[in-house]
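Here the structure comes first, spelled out in structure tokens, and everything after it is commentary.
Note that this is a predicted model, so its numbers are computed, not measured.
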Amino acid sequence: MRAAGRAAWARVWDRVAASDPGLLRLTAGLRTVCSIALTLAVLSLAGASVPHLVAGAMSAMVSTFAIREKQRGQQAVTLALGLPVALASVSLSALLNSRVVAGDVFFVLLIFGAVYSRRFGDRGTALGLIGFQIYFLSLFVGATVSALPRLYGVLGVAFVCSALVRFALVPETPAGTLDRLRRAFRARFAQLVTAQIALLDAGPDDMEKALADVREGTARLHETALLIQGRLEDGTSDATVARLVQRRIADAEVAAERLGLLLLTARSAERGHTLTLHLPGAPVPLADRLPERDEATDTLRRDLEALRLLVLRPSGTDSGTALAHVRNRLLGYREEENLPDAPDAVQDVFRGIGEAGRAVLGLRIAVDGPQDESEDTPATTRSREELDAEDIAIAGSEESESEDAERTGLRRPTTRAAVQVAVGSSLAIIGGEFLSSQRWYWAVLTCWIVFINTSSTGEILVKGYRRLLGTVLGVIAGIGLAGLVGHHTWTAFALVLLFIFAMFYTAPLSYTLMSFFVTAMLGLLYTLLHTYSASVLLLRIEETALGAACGVVAAALVLPVHTDRRTNELLGTVLERLTDVTEAAVDQLSGGAAAELLDKARDLDQALADLSASTQPLTHPITPLRARRDTARYVVALLETCAYHARYLAATAELLPTHPSIAADPRLREAGRRIVHNIGVIGAHVSDGDDAAVGEIETGPSIASLLRPGTPGTPRYGRVTDRVLRHLQRLDEAVVGLARPLGVPIATPAK
């Protein structure tokens, strides 16, 4: 029973880890709730009044969530600096409370400074956020000069409790976060394999759902890989280990995505197109293969299940004959003689399983160190030797010079945002005063919030709409909860803690849900302060709508950044990164000098993630421009396809110095030249829009026709080169496909 219970708990925990990579949301919510609870406990023992309890709870929340630095030492310094900033902010609020004009002018200046301080990195952002939020808190509780000594004490208790929870009760280290992210990667990898098994077994009526699950699993695995790569430097012992883990994560991601494509090909009447894995709503391929069960397909299903179990196997349990047998069988598929008698497309899936098994083995060695080799077969031994050779090559490579973090390019966007939010807040103060001389600051808060993590007018409009919707729903919930709770102080505080946890846990998933929990929580706080009424919560809806409208007006009229301009800038960046990766990978595969390919691939992925986020206003369900929405989705999906093929080329090129089955082929350089030229033409068109100046897209014979497909007896390097050519062909097709929706002219091939 205990074993069954532990297994069930492990499955549940894997699901939690997969849904919350690195448990980042869970940790953030738990730390904030514990900080507030500890603050309330200390203040209640000291006999604090309910307004001071509310002030302490909100101060603890602010001092906890404002700090985003990864290193504990940096967090401690920022938290120590945050206390005097908070004391100064509450003091100025109390002094200016009775001076309406002076207070409003200072509030606008404070807002400008808080946004402008983002240019100074995480610390500047945190201190600006603390200054603004504490000033807002002072307005919320009605701080006065006579009450300042007690408020100083409340703030001191809140910051000390926040530090105690952060560094002692709910500690978080970069290494610990990285370890949890790695477990999340393992869980998401296993979930993707499960979806791939369902794709293999799906009937014609189930193909669409099965393909959607594979598509979602692929995207979630990529999301986790990006999170891991962003924390490697802080979470590993040295640069060599970080580089090695980065390499193994990239290998595993490429192997998992390629396995899905091979399965799609095995189920389809023609070779599966990578775009199908990236474009929601893409046509489902005809599932006319593998309709019946035979020995090869039964073996395929069994080995996919074995791969899933191998991925899920916890670290430190790699010993044992059964696991070694499974690992050896999967790695054996990397050898031609071990492939079962089956159609070529099915044999390709077995090869993909072998490469995925190798990726899992490499990741385990990189993270957990040497594994038990007593049960290895010759095929497994060769895989280990390849991995060891790669590790030595990585360890012996010269450390690349770190690039200085240039912040000069961020100055203008930071200044623009500060000016915009200051103007919007001024409008919100004026309009808010007309609605209510006591609650006007809600409009200012909304105006401030809609500018956070937004870069264009469209993003601000969507964020304002979501906040208003969440606020309306939260008001409805707040009215009901206030009637149920009444004046039961600690019941209300317990619900406040629950809503705060839910707010932080759902924030990255849904801004509407987060706004709902914030408003429901505020309804309870008003009840505690004995200022609750239905009219107050209805006023909050009005102030929220006003603040969102002021934010949109300021963004549209003051130094505007239109959504089209923003997306074009980010699209240009993605194309530049794609050029860097493709050119360097093809050059290395053609015999050129080695380059930092994985770093370039990571930069491409990050640029693509930024572009995808910026297109949300264009792809939002409420947008009336349906054709434009479909075009944006199609372009992003094509770019994701390009990024996948570029990642594969980069991963293969990095194997070149050490892998016995890969040899440089100078003929690949000409194949890459056309792709790089076409990407440059598209980038120039996006930047200039002058078709006559930027030229045309080149087309011609299939890139895959440059070398003959592999035939029986072809050396192993020929098969790998053929695979590289297929990826180059898909990349070429995707780049040409980009030209059409972007309106780039395509040259007519000469006959």
Side-chain angles (χ1 to χ4, degrees), residues 254 257-258 261 271 273-275 277-278 571-593 595-598 600-605 607-608 611 634-654 656 662 664-687 691 694-707 709 720-750:
V254 168
E257 195 162 3
R258 181 170 178 269
L261 182 60
R271 182 174 294 278
H273 199 297
T274 322
L275 181 61
L277 293 180
H278 300 124
L571 176 57
T573 301
V574 172
L575 293 171
E576 289 176 7
R577 302 290 183 268
L578 180 60
T579 299
D580 293 342
V581 177
T582 304
E583 192 169 28
V586 171
D587 182 67
Q588 190 164 329
L589 287 166
S590 304
E596 298 293 334
L597 288 172
L598 290 182
K600 294 179 184 295
R602 175 189 169 190
D603 292 341
L604 169 61
D605 289 335
L608 185 53
L611 173 64
Y634 183 70
V635 168
V636 171
L638 275 173
L639 288 170
E640 288 175 346
T641 290
C642 292
Y644 160 67
H645 293 296
R647 281 197 300 273
Y648 177 87
L649 294 173
T652 305
E654 287 231 331
L656 191 62
I662 301 176
D665 193 323
R667 290 173 291 181
L668 294 173
R669 184 172 280 110
E670 179 60 24
R673 186 205 63 79
R674 188 171 80 192
I675 298 175
V676 170
H677 166 79
N678 288 342
I679 298 173
V681 169
I682 296 174
H685 173 83
V686 170
S687 301
D691 295 340
V694 302
E696 296 179 319
I697 295 294
E698 292 184 7
T699 58
S702 167
I703 287 178
S705 67
L706 294 177
L707 291 178
V720 175
T721 301
D722 180 52
R723 187 187 302 168
V724 168
L725 282 171
R726 288 202 299 269
H727 282 273
L728 282 171
Q729 175 66 31
R730 290 301 194 190
L731 181 57
D732 182 54
E733 293 170 355
V735 170
V736 174
L738 273 174
R740 295 185 176 91
L742 294 177
V744 183
I746 301 175
T748 303

If you round to the nearest 0.5 Å, how far is CD of Glu576 from CD1 of Ile679?
11.5 Å
Pairwise side-chain contact, Thr582 with Val735, heavy-atom cut-off 4.5 Å (strictly under)
no
Closest non-hydrogen contact found for Gly737 with Tyr634 is O-CE2, 4.3 Å
Does the distance from a Lys or Arg side-chain N to an Asp or Glu carboxylate O, for Glu698 and Arg673, drop under 4.0 Å?
yes
CG-CG distance between Asp587 and Leu597, expressed to the nearest 0.5 angstrom:
9.5 Å
Point-to-point distance, once rounded to the nearest 0.5 Å, from CD of Glu733 to NE2 of His645
8.0 Å
Nearest heavy-atom pair of Val686 and Gly572: which atoms, and what distance?
CG1-N, 4.4 Å
Contact summary for Val586 and Gly672, nearest pair of heavy atoms:
CG1-CA, 3.9 Å
Heavy-atom pair with the smallest gap, counting every atom of Ala734 and Cys642:
CB-SG, 3.5 Å
Whether over 12 other heavy atoms sit under 6.0 Å from Glu640 CD
yes
Report yes if some heavy atom in the side chain of Val581 is under 4.5 Å from a heavy atom in the side chain of Asp603; otherwise report no.
no
Compare all side-chain heavy atoms of Leu649 with those of Leu589 and state whether any distance is below 4.5 angstrom.
yes
May I have the step-by-step check of side chain to side chain contact (heavy atoms under 4.5 Å, CB included) for Tyr648 and Glu257, ending in yes or no?
CA-CA 10 Å; Tyr648 177 87; Glu257 195 162 3; over 6 Å; no
Shortest non-hydrogen contact from Leu639 toward Leu611:
CD1-CD2, 3.4 Å
Supply the atom-to-atom distance His685 NE2 to Leu575 CG, rounded to the nearest 0.5 angstrom.
11.0 Å
Side-chain contact test, heavy atoms from C-beta onward, threshold under 4.5 Å: evaluate it for Leu742 versus Leu571 and give yes or no.
yes
May I ask you to test the Arg730-Thr641 pair for a side-chain heavy-atom distance under 4.5 Å?
no
Shortest non-hydrogen contact between Arg577 and Ala607, atoms and distance:
CG-CB, 4.1 Å
So, are Arg647 and Asp605 salt-bridged, with charged N and O less than 4.0 Å apart?
yes
